[in-house]
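Everything numeric here is computed off the predicted structure, so don't read it as measured data.
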Amino acid sequence: MDKEVQKIATRENLLEIMKEVKIKMGAVRKIIDDYGVYFSNKNLSEMIGKIMEKTASEYFTKKMGYEVKNALTDKEPDLLFTKINLPIEIKMTSTKNAWTGGEFSKRPFHYFMVSWGEDFNHFFVCCVRLEKTDWKSNMSNNYYGPSLSLKKLDSIKDKIILVGKIDDKGRMIREKI
C-alpha cells in the first residue's frame, strides 16, 4: 500500500466517515418509513455508497486542505484526491461474503470495500488495491457484474482492514458504529 493511501486509509478517518454515513442513513430510513416505500438491499447499497462518497469527499477535503471530489457521473472515480491525483473507488454490499464490480471497468484502483448491515449501524471497511484480474467474471453466467469474494479479499496481503474484521475462520465481522 503506497504511503499516500496509508495517510488516507486510517481507522480514525473511516470511523468518522462511517459515523456520519450512519446518521445520514438514519434520516433516509425515516423518510423511507414515513412514505412506506420499499427499497431492495441493492437500492440501499447504492444510496449508502453515494452518501459515503459525498461524506468522504467533504471530510477529506477539510482534513487534507485541498479538494477531494466525489463522482458526479459513472465515468468518474468515486473519490478523487485532486492534489495527488489519487482515485479511490467505493464498493458497497449488504452481504458478508462478496462485492460486485463493473465488468467493463478497465481501471485498477484502490478501493474502500464496505459491507453494511443491522439497520445501517454495523460496517466492515477495508482498503485494498485491486486489479481487473482480482475480479471473477460472471459473463458466462449471463450476469454483468464480476464479483470479489471475501475469501479472495482475505487472501490479498496488501490490504488494511479499518472497520470490523475477518475472523480466523474467514468470516466477516461487522463493527457496530
Side-chain angles (χ1 to χ4, degrees), residues 1-2 5-26 28-29 32 38-57 59-60 70-71 77-79 87-103 105 107-138 141 143-177:
M1 191 80 44
D2 70 43
V5 175
Q6 287 178 6
K7 288 184 212 172
I8 292 163
T10 68
R11 178 171 169 77
E12 174 191 350
N13 287 342
L14 271 296
L15 275 176
E16 288 301 314
I17 291 165
M18 300 322 291
K19 284 176 188 175
E20 190 64 27
V21 168
K22 173 188 137 180
I23 291 166
K24 290 176 180 177
M25 281 308 297
V28 169
R29 170 62 89 195
I32 290 169
Y38 169 78
F39 287 98
S40 69
N41 281 352
K42 179 181 183 284
N43 298 138
L44 292 169
S45 288
E46 289 174 11
M47 283 186 239
I48 297 169
K50 285 298 181 186
I51 287 171
M52 184 176 172
E53 285 175 27
K54 182 68 173 166
T55 301
S57 167
Y59 175 86
F60 284 123
N70 61 291
D78 295 334
L79 296 172
I88 296 181
E89 288 291 304
I90 297 170
K91 289 297 175 195
M92 191 70 61
T93 187
S94 63
T95 74
K96 288 186 173 185
N97 57 9
W99 290 264
T100 302
E103 184 71 42
S105 176
R107 303 173 293 198
F109 278 125
H110 286 93
Y111 287 82
F112 287 132
M113 306 300 287
V114 182
S115 174
W116 62 273
E118 289 89 334
D119 206 27
F120 319 115
N121 290 323
H122 292 73
F123 293 95
F124 170 90
V125 182
C126 178
C127 183
V128 63
R129 180 171 173 87
L130 297 173
E131 304 293 330
K132 187 172 179 68
T133 55
D134 290 320
W135 296 89
K136 179 184 172 229
S137 176
N138 292 306
N141 298 331
Y143 183 69
Y144 70 92
S147 59
L148 182 81
S149 69
L150 180 65
K151 184 176 181 178
K152 173 66 177 178
L153 178 66
D154 194 26
S155 75
I156 298 171
K157 299 291 183 226
D158 194 20
K159 66 180 174 296
I160 306 168
I161 297 176
L162 303 159
V163 179
K165 66 182 181 179
I166 299 174
D167 73 11
D168 58 356
K169 294 181 180 172
R171 295 177 300 202
M172 177 191 296
I173 308 296
R174 294 182 188 127
E175 184 175 334
K176 185 174 182 178
I177 303 293

Could you state the interatomic distance from [atom1] ([X]) to [atom2] ([Y]), rounded to the nearest 0.5 Å?
X      : Y      : atom1 : atom2 : value
Lys165 : Arg171 : NZ    : CZ    : 10.0 Å
Met18  : Arg174 : CE    : CZ    : 11.0 Å
Lys136 : Lys152 : NZ    : NZ    : 12.5 Å
Cys126 : Leu162 : SG    : CG    : 7.0 Å
Tyr38  : Leu44  : OH    : CG    : 8.0 Å
Gln6   : His110 : CD    : NE2   : 9.0 Å

Closest contact, heavy atoms only, [X] versus [Y]:
X     : Y     : answer
Asp78 : Ile90 : OD2-N, 2.7 Å
Leu79 : Ser57 : CD2-N, 3.8 Å
Lys7  : Asn13 : O-ND2, 3.6 Å
Leu14 : Ala9  : CD2-CA, 4.4 Å

Counting only heavy atoms not in Lys96 (residues, nucleotides, ligands), do more than 12 fall under 6.0 Å from its NZ? yes
Does [Y] offer a backbone N or O that forms a donor-acceptor pair with the side chain of [X] under 3.5 Å?
X      : Y      : answer
Asn97  : Leu150 : no
Asn41  : Ser94  : no
Glu89  : Tyr111 : no
Lys159 : Asp154 : yes
Asp119 : Asn121 : no
Ser149 : Ala98  : no

Any side-chain heavy-atom pair from [X] and [Y] closer than 4.5 angstrom?
X      : Y      : value
Ile161 : Phe124 : yes
Phe120 : Arg29  : yes
Ser115 : Thr95  : no
Val21  : Phe123 : yes
Asp158 : Arg129 : no
Ile17  : Val125 : no

Would Glu16 and Tyr59 count as a side chain to side chain contact (heavy atoms under 4.5 Å, CB included) here? Give the steps. CA-CA 8 Å; Glu16 288 301 314; Tyr59 175 86; 3.7 Å; yes
Donor-acceptor pairs are to be reported for all side-chain atoms of residues 46-53 against protein atoms at under 3.5 Å, with residues two or more places apart or in another chain.
unit_1: Glu46; atom_1: OE2; unit_2: Lys42; atom_2: NZ; d: 3.0
unit_1: Lys50; atom_1: NZ; unit_2: Glu53; atom_2: OE1; d: 3.3

Taking only residues two or more places apart in sequence or in another chain, which ones pass ring pair (Phe, Tyr, Trp, His ring centres under 6.0 Å) with Trp99? none
Residues Leu130, Met113; criterion side chain to side chain contact (heavy atoms under 4.5 Å, CB included); working and verdict: CA-CA 10 Å; Leu130 297 173; Met113 306 300 287; 4.0 Å; yes
